[in-house]
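What follows is one structure encoded as structure tokens, with my remarks underneath.
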There are 2 protein chains.
Amino acid sequence: MSESALDSSASDSRTLADRVVARLQDDIVLGVFKPGTKLGEAELAARYGVSRGPLREAIRRLESRKLLERIPHVGTRVASLKATDLIEIYRVREALEGMAARLAAEHMSDAEVAGLWELLALHEQQQDLQEDIAYYQRAGDLDFHYRIIQGSHNGALIDLLLGEIYHRVRMFRYQFSMTPNRPKKALAEHRRIVEAIEARDGEMAELLMRRHISRAREYLEAQQRQDLSAPQPPLSERT
Amino acid sequence: MSESALDSSASDSRTLADRVVARLQDDIVLGVFKPGTKLGEAELAARYGVSRGPLREAIRRLESRKLLERIPHVGTRVASLKATDLIEIYRVREALEGMAARLAAEHMSDAEVAGLWELLALHEQQQDLQEDIAYYQRAGDLDFHYRIIQGSHNGALIDLLLGEIYHRVRMFRYQFSMTPNRPKKALAEHRRIVEAIEARDGEMAELLMRRHISRAREYLEAQQRQDLSAPQPPLSERT
DNA sequence: TCAAGGTAAATTGTCGACAATCGGCGCGCC
DNA sequence: GGCGCGCCGATTGTCGACAATTTACCTTGA
């Protein structure tokens with residue numbers, strides 16, 4: 001179930017447009033195209049070796065995922081998300097992933113819970129070996145939340161979080177080269193969430209998950225306030 | 001702010017595809033095309049008097065809103081939503097609109113709160129005059145939730161609920177010709193929610209909104225169980 | 001008679017060309 | 001000298017035709 005947890009790369013998708021969606025999304029999320037960059041249709045069509053037809057379809061799909069901003073008759077540019085947008089999204093995550101944790105506690109199979117414990121053990125191990133984290137912790141955190149969302153067994157919830165929310169969060173993390181906020185504390189919170197799920201205590205699981213995400217949001221808000229008082233280049237140009 | 005609360009009809013939109021989106025969405029939500037109906041591209045293009053290009057764009061947009069189901073190289077049909085899907089959506093609504101109520105309590109202006117009271121008074125009046133309700137209550141209920149969502153002043157939340165969730169809920173209501181579940185009780189619950197918002201008690205507002213939606217979901221679940229035991233034509237063919 | 005294979009029609013996916021609209025530039029007027 | 005107007009290039013929106021894939025039907029054989 002861990003095959004490229006957040007889809008992206010489906011090499012032989014049925015239609016051309018699907019492949020362009022995957023490639024263009026990667027280029028956006030991974031930062032090949034910086035936020036605010038204008039993307040001309042002809043230019044992109046040449047880059048991906050397709051006609052403008054499928055390319056336009058890809059653009060519309062990524063626009064509906066809020067990864068691109070388009071103005072009719074003018075053009076499309078990579079969505080440049082402000083810190084306030086990210087904070088708004090964290091409110092949504094708090095509500096949605098809280099519910100996901102509750103449903104996961106009610107509906108996850110015992111095997112899935114066991115898998116969560118294994119994932120946690122892996123994260124602790126990586127944390128011990130490599131104190132500065134970086135990539136692993138980032139992907140791992142995503143993977144943890146990803147599994148709980150899947151564990152809710154609620155299709156609508158899964159579609160919303162994985163289809164509309166998570167791509168944007170991923171983009172943020174790459175753009176701001178955000179090292180996860182509070183590695184050790186986050187890991188401890190993850191463990192408590194799994195405990196609640198294992199105990200089939202949905203209410204507790206939701207409470208803990210909401211608190212977990214809420215703390216991340218508060219960290220972001222504090223960071224934003226200090227950025228406002230000392231406005232420095234928002235991107236990754238600080239040695 | 002109440003001009004066509006759930007958009008749909010923008011008569012002179014900038015691009016052709018936008019107009020087709022609006023018209024096709026109306027035809028789907030209002031039941032002109034029944035769920036499961038196969039929609040051929042040529043057929044639709046003729047119906048709306050456009051080429052297949054803009055039509056395909058419209059189809060993709062409505063597909064991303066979950067109003068259409070498409071299979072590559074096969075075709076698109078009107079999304080036929082099962083009762084279990086609706087129940088899943090209500091879980092999402094519970095989480096999302098609960099958060100919306102909390103944020104509304106924190107961020108709504110006094111004028112907006114006053115507007116909520118006026119809306120409630122209008123609903124009570126209509127309820128007194130016309131005991132059997134039907135349309136007014138249905139639209140009114142939507143309008144109440146709509147306003148609280150807007151009152152959250154959270155763009156991400158608003159986009160999600162109004163752009164991804166509410167169209168599907170509307171479609172359900174028309175398809176099953178669902179008379180609102182519990183008119184009087186719902187109205188009383190609405191009043192208590194507004195009281196909490198006016199008192200700026202976000203926690204209470206969220207709790208009440210979640211309970212409100214949760215009860216509607218439980219009603220749906222009970223209805224589904226009795227439908228399963230006595231399976232009758234699910235659509236509107238009962239005199 | 002039924003199953004399996006192939007073929008043909010219909011539908012969707014893709015492409016290149018044409019038309020409409022917007023932003024930028026220079027000219028003229030105040 | 002500054003402001004407004006109109007033209008021009010560039011980009012996007014739209015269209016019709018061609019190619020690819022699927023489905024349904026028909027034929028053929030066991």
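First the proteins, then the strands, lettered A, B, ... as listed; each starts at 1.
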Under 3.5 Å donor-acceptor pairs involving side-chain atoms of residues 74-84 of chain B, not counting sequence neighbours:
{"residue": "B:T76", "atom": "OG1", "partner": "B:L39", "partner atom": "O", "Å": "3.4"}
{"residue": "B:R77", "atom": "NH1", "partner": "B:G36", "partner atom": "O", "Å": "2.4"}

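Heavy-atom distances under 4.0 Å link DNA chain D to A:R70, A:P72, A:H73, A:V74, A:G75 of residues 66-78 of chain A, given in residue order.
What separates NZ of B:K38 from P of C:dA10 is a distance of 13 Å, to the nearest Å.
Using bins of under 30°, 30° to 60° and over 60° for the plane-to-plane angle, the ring pair A:H212/A:H190 lands in the perpendicular bin.
Put simply, the side chain of B:L16 does not reach to within 4.5 Å of the side chain of B:Y48, judged on heavy atoms. You'll find the side chain of B:Q25 reaches within 4.5 Å of the side chain of B:R170, heavy atoms only.
Residue-level contact check: B:G40 touches the backbone only, with heavy atoms under 4.0 Å from sugar-phosphate atoms and none from bases.
The outermost nucleotides of DNA chain D lying under 4.0 Å from heavy atoms of chain A, listed 5' to 3', are D:dT12 to D:dT22.
With salt bridges taken as basic N to acidic carboxylate O contacts below 4.0 Å, one links B:D159 and A:K66. Salt-bridge annotation for B:E221 and B:R217: present, with a side-chain N of the basic residue lying under 4.0 Å from a carboxylate O of the acidic one.
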Next item on the list: Any chance you could lay out the salt bridge (Lys or Arg N to Asp or Glu O under 4.0 Å) test for A:R61 and A:E57, step after step, and finish with the verdict?
Entry: CA-CA 6 Å; A:R61 287 244 274 279; A:E57 179 177 337; 2.9 Å; yes
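None of A:I149, A:I213, A:L161 except one satisfies the side-chain contact (heavy atoms from CB on, under 4.5 Å) rule with A:L96; the exception is A:L161.
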